[in-house]
Amino acid sequence: MTNLESISEYITATFLIDNGQDSIEPDDNLLLSGLIDSLGVMQLVAHLQAENGIKIEPREVTLKNFKTINSIVGFVETKISG
Amino acid sequence: MIYTIPQIIEHNAITAPDKPAFRFDETDLSNKALWLKMNQLAQTLAEHGVKRGDRVGIYIHKSIKTPISIYGILQAGAVFVPLDPLMPQDRLASILNDCGIQHVISEKSKAKMLAKVAESTPLRCVIGVESVDSVEAAVSWNTVFEQPETVYKSGAVSQDLAYIMYTSGSTGEPKGLMHTHASGLAYARISSDVYGLTADDRLSNFPPIHFDQMTFDYFSGPLAGATTVIIPEEYMKFPASLSELIEDEKLTVWYSVPFALIQMLLHGALEERDCSSLRWVIYGGEPFPPKHMHGLQELWPQVTFSNSYGPAETNQVNVYHLPKISADHTEQIPIGRLWHDTEGIVVDDDDQPVDAGQEGELLIRTSTMMQGYWNRPALNAKAFYFKTHSGGLVERYYRTGDTVKELPDGNLLFLGRKDRQIKLRGYRIELDEIEAALVEHPSIAEAATYPVLQPSNEKIIEAGFILKANATIEIIDLRKHLIDRVPKYAIPESIVQFEEFPRTGSGKINRKELEKSRSEAHRV
């Protein structure tokens with residue numbers, strides 16, 4: 001599974017059910033739709049760290065890195081290669 | 001002389017035309033531009049049938065259109081009604097009906113939802129969208145901004161309604177607080193004086209506009225000629241983005257619920273940010289844990305911290321300027337003293353004033369107080385306390401429902417809500433409303449909701465339920481059931497099945513006992 005697939009799958013399974021929305025596109029704003037709240041962000045960070053063996057610093061948990069599935073994938077890939 | 005809220009911008013457009021009144025996502029909106037656009041919006045609203053006193057909804061995510069919407073509706077002589085962009089369909093429809101809202105300012109992402117509620121509500125015109133199914137008229141912003149540059153005259157006076165803000169009622173029905181230009185302006189004048197706002201200030205607008213703290217950001221800031229930086233809603237979930245924004249935007253005054261500040265302290269990489277521009281931090285809505293206040297004061301030694309208190313019904317009316325809080329401080333921080341033009345009395349259950357230092361309910365009389373709840377005569381009869389003097393003079397006090405006591409130094413200490421309404425992250429949550437929604441589910445026999453204290457000292461809501469005989473249910477289905485019935489922020493973080501609840505002598509669910517035992521259970 002690619003990073004895009006696994007992250008999309010995790011977000012769909014974890015958050016979509018609470019929202020009543022049908023699907024999420026890679027460029028959908030995850031935050032504005034109310035899909036993910038602040039506890040959800042923490043949960044997502046913990047998952048990404050465990051799944052990819054990376055350490056995400058508090059200063060990196062920003063809107064820029066977490067706005068869409070695509071931006072999360074981009075951020076995670078930079079962390080893995082960095 | 002300024003006697004209605006939009007005159008603030010009219011005045012600024014003459015004295016400081018090019019100064020940014022608002023800023024969003026690195027884009028400025030100058031006083032001159034705001035004055036022009038709010039008049040164009042007022043003209044458009046009038047052409048679509050909005051008359052003085054009509055209610056117009058604002059149903060958008062925060063953006064540079066937010067101040068244009070607020071001030072444009074006011075300039076039209078109409079009453080703005082902020083609508084939570086994330087509220088469930090039933091709640092939206094219920095507010096549109098309750099308030100008789102025919103016109104809404106909205107955006108493309110909300111068109112589907114508006115089409116759904118159009119059939120069952122008076123909604124007939126949407127501004128900000130090119131078309132909405134089932135709605136008679138839709139007007140794009142482009143069309144609004146093609147209006148000629150004229151000043152719209154509505155004839156509004158200071159005693160006209162300016163805004164209606166909806167909050168949860170104890171029966172679960174939302175209730176609308178009616179504020180006039182006079183009460184909004186009185187608050188803007190007092191608060192900008194208390195915090196010494198000047199044209200050099202750069203204010204944060206953290207809360208959404210359906211939250212009463214917005215009056216500071218949208219009225220008090222402009223009255224002082226300051227710039228208000230509107231913070232996009234998504235930032236709330238990213239403490240590191242919030243702290244970055246304080247640094248980049250060189251904010252001088254911050255106002256929010258404690259939650260946002262605590263999140264920044266714990267997860268916002270504050271030690272890496274230069275927040276030396278900040279001079280005043282104001283918080284309100286719920287108590288601030290002293291250990292976190294100590295942490296913030298250590299990081300931001302140049303900042304004055306103030307606790308602001310006041311129900312949305314009265315606007316904020318109380319202030320406490322904090323001394324340095326030590327690391328081992330555990331006593332609750334007081335809410336302070338009533339400020340200018342405000343009188344308070346602390347009364348017992350028979351409305352008799354208590355002796356100094358005794359507990360009682362705080363009653364408030366002030367120029368910043370609401371007129372009452374929209375369309376709720378029974379509620380209004382209970383919400384106020386009337387004191388009649390000789391000569392027939394009647395003084396009206398708002399019953400806050402908050403239990404307080406006066407400390408020996410004259411400051412007030414907040415002891416809790418009289419009823420079962422709690423505040424979490426600044427939101428009012430009616431525990432009984434959640435219970436009522438749970439019990440609506442066909443499989444549920446009984447339900448109880450109560451706050452539980454986490455080991456982190458953070459409060460969350462837990463719901464307990466007892467199933468009907470032979471019924472089964474998945475927790476996830478219960479959550480889905482709640483999502484359609486209560487605001488998102490009121491959905492319990494924890495839902496637990498019980499065989500039986502602890503009971504009081506009369507057989508009622510003992511919620512206090514649940515709160516205690518479940519808080520202990522969460523600790524292990």
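We name chains A, B, ... by the order of the sequence lines, and we start the count at 1 in each one.
Separation of atoms CG (B:Leu242) and OG1 (A:Thr62) is listed at 11.0 Å; rounding is to 0.5 Å. Note that NZ of B:Lys237 and CG of A:Leu30 are 9.5 Å apart. Values are rounded to the nearest 0.5 Å. If you take NE2 on B:His61 and CG on A:Asn29, they are separated by 8.0 Å, rounding to the nearest 0.5 Å.
The neighbour count for B:Lys423 NZ, taken as heavy atoms of other residues, nucleotides or ligands under 6.0 Å away, is above 12. No more than 12 heavy atoms of other residues, nucleotides or ligands sit less than 6.0 Å from atom NZ of A:Lys67. At most 12 non-hydrogen atoms from other residues, nucleotides or ligands lie less than 6.0 angstrom from CD of B:Glu474. Remark: B:Asp133 CG is loosely packed, at most 12 non-hydrogen atoms of other residues, nucleotides or ligands lying under 6.0 Å away. No more than 12 heavy atoms of other residues, nucleotides or ligands sit less than 6.0 Å from atom CD of B:Glu119.
Partners of B:His210 by ring-ring contact (aromatic ring centres under 6.0 Å, His included), not counting sequence neighbours: none found.
Considering every non-hydrogen atom in both B:Ala240 and A:Pro58, the closest pair reads CB-O, 3.3 Å. Heavy atoms only, all atoms of each residue included: A:Val61 and B:Phe238 are closest at O-CD2, 3.4 Å. Here the closest heavy-atom approach between residue A:Arg59 and residue B:Ala269 is recorded as CB-CB, 3.6 Å.
Contact tally against chain A (heavy-atom pairs below 4.5 Å) for B:Glu244, B:His267, B:Glu234, B:Arg273: the top residue is B:Glu234.
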